[in-house]
Structures are given as structure tokens and as C-alpha cells.
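Here is the structure we will look at, set down as C-alpha cells.
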Amino acid sequence: MPDPHRYLALLRQGHWFAALPDELSQALLAMARVQRLEAGQRLFHRGDKPCGLYAVVEGAVRVGAISESGKEALLTLVEPPYWFGEISLFDGLPRTHDAFADSASTLLLLPQHELLALLERQPQYWRDFALLMTHKLRLAFVALEDMSLLPAAPRLARRLLLMAENYGESEPRRVLHLAQEQLALMLALSRQTTNQILKELQAQGVVRLTYGEIEILDLHRLRQLAG
């Protein structure tokens, strides 16, 4: 398996990891385990025991929930360099959602017992992991407000902007590896409504639609539409 240190430059493109003290970032890389998943392969299910903190370094991971009838609620689709799984680090309780590889993916796993041992020795680092969780909590509150107050078009624009900015974790990227059906699931919109809004954005020169991808052509205009 590849050395986790080969992903150091990529991880430092993420705001959270880049802000860590050097001794902490080195300790995390030293304990990291490389894990590969095939497209569609399960990482964990809701209710699984916590096993640690993950970073996506290649591919993409789909986080959501699947009902007994097979209906999916898609919360987010995350790409490198993105960290997740910190909730169970804090409370030790089972996983809150399902996570699957959306495409062939590589992740770094920081094992739960090793992380907790590090934090037992160096409790000052708890704050760094708290910042990771509170950043996502802020985004969750914004998403809940958007779902309640915004019409479909600006709500969709805001989600595209968030994803283009990797949820505030790294510099904006132009191409989102995202199918229209996945975007519809995230926003609890019909596929038809989502398709109509995206076609209007394409006609305005804001995005370009291709199979399984949405390319952002005018980030400034997208920010305006997102309010």
C-alpha cells in the first residue's frame, strides 16, 4: 500500500489540515492507514461502531441514508481533500449515516483507538478536532435554513457553490463530478425541477452540463444567484 505521506501536499490544500500544528499533522500521517474502495463499495453503515476519522484523497464518497425500502436520502458527496467521521470520535456512538464510494476511491483512516490515545496524551489537540466538527455544524444550520426559506433555484445555486468550494475546505474547483439525480436527492427536489433549473443556468452561461459532471463557467454569477 502507498505511504500516506505521499498525500501530504494534497491534504495541505484543505484549510483544516493546513491549519494544524506541524507536530499534530505529522502524528496523524504517522498513524494513517490507506484504504481503497471500488465504486459502490460500502465504507460504513448507519449504526456501525466507530472506527476512526477518514480523509478522502482520491475519488468521491457519498454520505446519506438508505431506508428499508431502498429509498436514498443523499446528504453530501465529498471529494479530496475532505475529512469526515469526527462525530463518533467525540461521543463514541455508532455512525450516524451510510457512506459509500461513489467512484473508485482512496481514503486515509486514522484509527479510533490511536486517535484517542494521542488525545489522551495531548488533550490540547481536542480543539483542532472540535473546529472540524463546528465548521460542518455551521454548514448544516445554513442548509436547514435554505431548505425552509429559499425557493428551489437559489437553493440549488447555493449547493453548487458550496460543492465548488468543497464546503469551505479548499480553493474553488470548476468541475463537479455530480450527476443531476444526485443533486436532486441532496436538495429534496424532483429530477425534473433540478434538470430545468440546471438548463436555465446553462442557458445563462453559468454552468456547462455533461454526463455525470457539472462545470462551473461563471463562479461570480453563481455567487450572485446564490444570494
Side-chain angles (χ1 to χ4, degrees), residues 1 4 11 14 16-17 20 24 27-145 147 159 162-163 166-169 182 185-188:
M1 296 299 290
L11 293 172
W16 178 74
F17 190 86
L20 296 179
L24 177 56
L28 298 185
L29 278 179
M31 74 173 68
R33 308 287 186 268
V34 177
Q35 186 169 345
R36 292 242 169 98
L37 297 176
E38 299 299 325
Q41 186 176 348
R42 174 177 70 94
L43 180 62
F44 54 74
H45 275 157
R46 169 185 282 178
D48 283 355
K49 292 181 179 179
C51 53
L53 186 67
Y54 286 98
V56 184
V57 291
E58 294 175 353
V61 172
R62 190 171 73 246
V63 180
I66 300 176
S67 69
E68 292 182 359
S69 64
K71 185 176 181 180
E72 181 179 11
L74 182 60
L75 297 182
T76 188
L77 183 72
V78 295
E79 296 183 274
Y82 190 89
W83 293 86
F84 65 100
E86 69 282 352
I87 292 176
S88 292
L89 174 66
F90 277 86
D91 60 19
L93 296 177
R95 295 295 188 187
T96 57
H97 294 91
D98 304 304
F100 293 85
D102 192 65
S103 57
S105 302
T106 304
L107 301 98
L108 300 184
L109 167 64
L110 307 182
Q112 184 96 340
H113 66 283
E114 293 188 39
L115 265 180
L116 291 175
L118 170 66
L119 291 166
E120 181 70 23
R121 296 190 304 269
Q122 304 284 345
Q124 71 272 19
Y125 292 147
W126 273 113
R127 181 179 183 275
D128 295 288
F129 293 96
L131 290 174
L132 179 63
M133 186 166 64
T134 54
H135 170 69
K136 295 180 186 177
L137 185 59
R138 286 179 179 273
L139 292 178
F141 282 140
V142 170
L144 285 172
E145 182 178 334
M147 291 285 284
R159 181 55 65 99
L162 271 176
M163 295 189 71
N166 206 13
Y167 298 94
E169 183 52 28
Q182 292 174 319
L185 284 170
M186 288 182 193
L187 297 169

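In this text the structure is predicted, and so the values were computed from the model without any measurement. Residues: numbered from 1 along the sequence shown.
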Walk me through it: do Leu43 and Gln35 pass the test side-chain contact (heavy atoms from CB on, under 4.5 Å)? CA-CA 10 Å; Leu43 180 62; Gln35 186 169 345; 3.6 Å; yes
Output the distance between atom [atom1] ([X]) and atom [atom2] ([Y]), rounded to the nearest 0.5 Å.
X	Y	atom1	atom2	answer
Thr76	Gln182	OG1	CD	10.5 Å
Leu118	Leu24	CG	CG	6.5 Å
Leu119	Tyr125	CG	OH	10.0 Å
Cys51	Leu89	SG	CG	11.0 Å

Under the ring-ring contact (aromatic ring centres under 6.0 Å, His included) test, which residues partner Tyr167, sequence neighbours left out? none
Report the residue from Leu53, Val34, Leu28 that forms a side chain to side chain contact (heavy atoms under 4.5 Å, CB included) with Leu108. Val34
Table please: side-chain donor-acceptor pairs of residues 77-87 below 3.5 Å, with sequence neighbours left out.
from: Glu79; atom 1: OE1; to: Arg173; atom 2: NE; distance (Å): 3.4
from: Glu79; atom 1: OE1; to: Arg173; atom 2: NH2; distance (Å): 2.8
from: Glu86; atom 1: OE1; to: Lys136; atom 2: NZ; distance (Å): 3.0
from: Glu86; atom 1: OE2; to: Lys136; atom 2: NZ; distance (Å): 3.3

For [Y], does its backbone N or O pair with a side-chain atom of [X] as donor and acceptor, under 3.5 Å?
X	Y	answer
Trp16	Asp128	yes
Arg33	Met31	yes
Ser103	Ala39	no

Between Leu107 and Val61, which heavy-atom pair has the shortest distance, and what is it? CD2-CG2, 3.8 Å
